[in-house]
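Scroll down for the structure; my scribbles are underneath it.
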Amino acid sequence: MDVLQPLRVEIIGQDLAVAWSDGRESFIALEKLRRNCPCASCGGEPDVLGHVERPHVEYQPQSFQLRDFRFVGGYALQPTWQDGHNTGLYTFRQLRALDENTHASA
């Protein structure tokens with residue numbers, strides 16, 4: 001199986017658009033992306049028994065505005081939001097899973 005990689009990533013309106021190495025495209029709503037942030041502050045951390053309690057996160061309008069993003073280690077995308085939050089690392093598989101409507105490009 002080939003490693004899934006983004007070939008191109010752009011912010012289009014209120015979506016993160018991703019063209020994937022398998023020829024498919026994803027459009028992920030920025031609000032959905034932020035609300036699914038995998039960092040410990042947003043998603044919680046497992047205790048010694050593996051239980052995760054998701055913390056309460058307060059959002060502002062700028063919480064859903066993407067300022068910038070960068071690729072990390074060839075396996076993840078790290079967004080920086082207008083409210084300054086930037087600790088979430090979304091693996092490429094996590095990104096792909098956030099768009100349940102991923103479709104083949106024309």
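Positions are given from 1, in the same order as the sequence printed here. No experiment lies behind these values; they were computed from the predicted model shown.
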query: Salt bridge between Asp15 and Lys32, side-chain N to carboxylate O under 4.0 Å?
result: no
Spacing of [atom1] belonging to [X] relative to [atom2] belonging to [Y], to within rounding of 0.5 Å:
X     : Y     : atom1 : atom2 : value
Leu89 : Leu77 : CG    : CG    : 9.0 Å
Thr91 : Tyr75 : OG1   : OH    : 9.0 Å
Gln82 : Gln65 : CD    : CD    : 5.5 Å

query: Has Gln14 got more than 12 heavy atoms of other residues, nucleotides or ligands less than 6.0 Å from its CD?
result: no
Measure from the side-chain N and O atoms of [X] to the backbone N and O of [Y], and report whether any donor-acceptor pair falls under 3.5 Å.
X     : Y     : answer
Asp99 : Phe27 : yes
Gln78 : Asn86 : yes
Arg34 : Ser63 : yes
Arg67 : Thr80 : no
Tyr90 : Leu33 : yes

Ring-face cation of Arg35 near Tyr59 (centre distance under 6.0 Å, axis angle within 45°): yes
Geometric cation-pi criterion Arg96 and Trp20, 6.0 Å radius, 45° cone: yes
- prompt: Applying the 4.5 Å side-chain criterion to the ILVMFWY set and letting contacts propagate, would Leu95 and Leu66 be lumped into a single cluster?
  reply: yes
- prompt: Do the side chains of Ile28 and Leu4 join up, straight or via other hydrophobic residues, at under 4.5 Å, putting them in one cluster?
  reply: yes
field: 4.5 Å side-chain heavy-atom contact, Trp81 and Leu30
entry: yes
task: With the side chain counted from C-beta on, respond yes when Cys42 and His85 share a heavy-atom pair under 4.5 Å apart, and no when they do not.
output: yes
